[in-house]
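Labels below follow one simple rule: chain letters A, B, ... track the order of the sequence lines, proteins then strands, and each chain is numbered from 1. Both backbone and side-chain heavy atoms feed into the values below; hydrogens, waters and symmetry mates do not.
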Amino acid sequence: MLSRKLTMRFYRQSGTDLAKGLIGKVLVHRIEGIDLRGRIVETEAYLGPEDLASHSSRGRTKRTEVMFGPAGHAYVYFIYGMYEMFNIVAGRTGQAHAVLIRAAEPLDGWTADLSGPGKLARAFRITRADNGIDLTGDKLFLLGAPNDRPELAVTKRVGVEYARHWKDAPLRFFDARSPAVSKPRSL
DNA sequence: GCGTCGATGGCA
DNA sequence: GCCATCGACGCG
């Protein structure tokens with residue numbers, strides 16, 4: 001089956017629906033004529049300013065600016081002094097929904113450990129230089145996978161214990177059959 | 001196989 | 001001071 005590039009229309013779903021919908025899709029980074037490719041197996045949804053776990057809950061700042069923009073763009077930020085995190089803006093413009101890509105399975109015989117958001121971004125060579133780029137372009141983009149039928153599982157998000165009543169929200173999604181999912185498979 | 005902890009820098 | 005993390009280390 002021919003895989004088509006995901007469109008703006010697809011990215012305009014709510015953060016929750018996009019996070020679910022991205023499981024099984026293929027992430028591609030075209031770099032120096034080589035395509036790095038991985039099958040996404042784990043995501044988390046962040047639901048805008050009211051979501052206390054989302055960076056957008058602190059309002060619109062230089063860092064969070066792209067999250068408030070149109071869907072289908074990369075939001076990449078730096079954390080813990082050494083990791084980049086790759087997110088995809090979702091929903092309607094101004095809604096500031098986003099999906100964190102947490103894990104993937106490497107394709108094409110690529111041997112890389114993509115089990116965790118820090119490791120994934122590093123292996124895919126995604127950095128803050130990619131912040132704000134349009135994911136319907138030819139550099140960094142996603143492909144559909146028509147025959148891929150992941151077994152969807154849900155838990156609370158990782159590392160958001162500070163987020164008060166949002167900390168236990170069931171917004172982490174993963175393919176229950178994938179060995180590449182990062183640590184916890186239940187609450 | 002667990003829990004704990006240090007690295008390391010941008011951000012509000 | 002706090003982090004949407006990771007890997008090294010100590011335990012027994």
- [ ] Figure out the CE/P separation between A/Met67 and C/dA4, and round it to whole Å.
- [x] 11 Å
Open item on the list: Check this one for me: any side-chain N or O of A/Tyr162 less than 4.0 Å away from OP1 or OP2 of C/dA4?
Closed with: yes
Task: Atom-to-atom span, CG of A/Asp113 to P of C/dG7 - whole angstrom - done: 7 Å
TODO: Check the distance between C/dC2's P and A/Glu161's CD and give it to me in whole angstrom.
DONE: 15 Å
Open item on the list: With a cut-off of less than 4.0 Å, is there a side-chain N or O of A/Arg122 near OP1 or OP2 of C/dG7?
Closed with: yes
Open item on the list: Quick check on the hydrophobic clustering: are A/Phe68 and A/Ile133 connected, directly or via other members, by side-chain heavy-atom contacts under 4.5 Å?
Closed with: no
Task: A/His55 NE2 - C/dC3 C1' separation (whole Å) - done: 7 Å
Open item on the list: Grouping I, L, V, M, F, W and Y whenever their side-chain heavy atoms are under 4.5 Å apart, do A/Val158 and A/Leu100 come out in a common cluster?
Closed with: no
Task: Euclidean distance, atom CD1 of residue A/Ile88 to atom C1' of C/dA4 [Å, nearest integer] - done: 15 Å
TODO: May I ask you to test the A/His55-A/Met67 pair for a side-chain heavy-atom distance under 4.5 Å?
DONE: yes
Open item on the list: Under 4.0 Å, counting only non-hydrogen atoms across every strand here, what does A/Gly81 touch: a base, just sugar-phosphate, or nothing?
Closed with: base
TODO: Could you summarise the pairing of DNA chain C as dot-bracket text, marking Watson-Crick and G-U pairs under 3.5 Å with ( ) or [ ] inside the strand and | across strands?
DONE: |||.|||||||.
Open item on the list: What's A/Ser182 touching, base or sugar-phosphate or nothing? Going by heavy atoms closer than 4.0 Å.
Closed with: nothing
- [ ] State the CZ-OG1 distance between A/Arg9 and A/Thr136, to the nearest 0.5 angstrom.
- [x] 14.5 Å
Task: For chain A, the stretch of DNA chain B it reaches, first to last nucleotide, under 4.0 Å of its heavy atoms - done: B/dA7 to B/dA12
Open item on the list: Taking A/Val76 as the starting point, is it possible to reach A/Ile31 by hopping between hydrophobic residues whose side chains are less than 4.5 Å apart?
Closed with: yes
Task: A/Tyr46-A/Trp166 aromatic ring centre distance below 6.0 Å - done: no
- [ ] Nearest-nucleotide wise, let me know which of A/Tyr83 and A/Arg58 is further upstream toward the 5' end of DNA chain B.
- [x] A/Tyr83
Open item on the list: Using whole Å, what does the distance between atom P of nucleotide C/dA4 and atom NE2 of A/His97 come to?
Closed with: 18 Å
- [ ] Check every strand shown and say whether A/Met82 touches a base, only sugar-phosphate, or nothing at a heavy-atom separation below 4.0 Å.
- [x] base
Task: Joint hydrophobic cluster, A/Val181 plus A/Leu152, side-chain heavy atoms closer than 4.5 Å - done: no
Task: Atom-to-atom span, OH of A/Tyr75 to P of C/dA4 - whole angstrom - done: 9 Å
Open item on the list: What's A/Lys62 touching, base or sugar-phosphate or nothing? Going by heavy atoms closer than 4.0 Å.
Closed with: nothing
Open item on the list: Without decimals, in angstroms, what is the distance between A/Arg63 CZ and C/dA4 P?
Closed with: 8 Å
- [ ] Using the rule that two of Ile, Leu, Val, Met, Phe, Trp, Tyr join whenever any of their side-chain heavy atoms come within less than 4.5 Å, decide whether A/Val28 and A/Leu114 are in one cluster.
- [x] no
Task: Spatial distance of atom CZ (A/Phe86) from atom OH (A/Tyr77) [nearest 0.5 Å] - done: 12.5 Å
TODO: Spell out, as yes or no, whether a donor-acceptor pair under 3.5 Å connects the side chain of A/Gln95 to the backbone of A/Ala90.
DONE: no
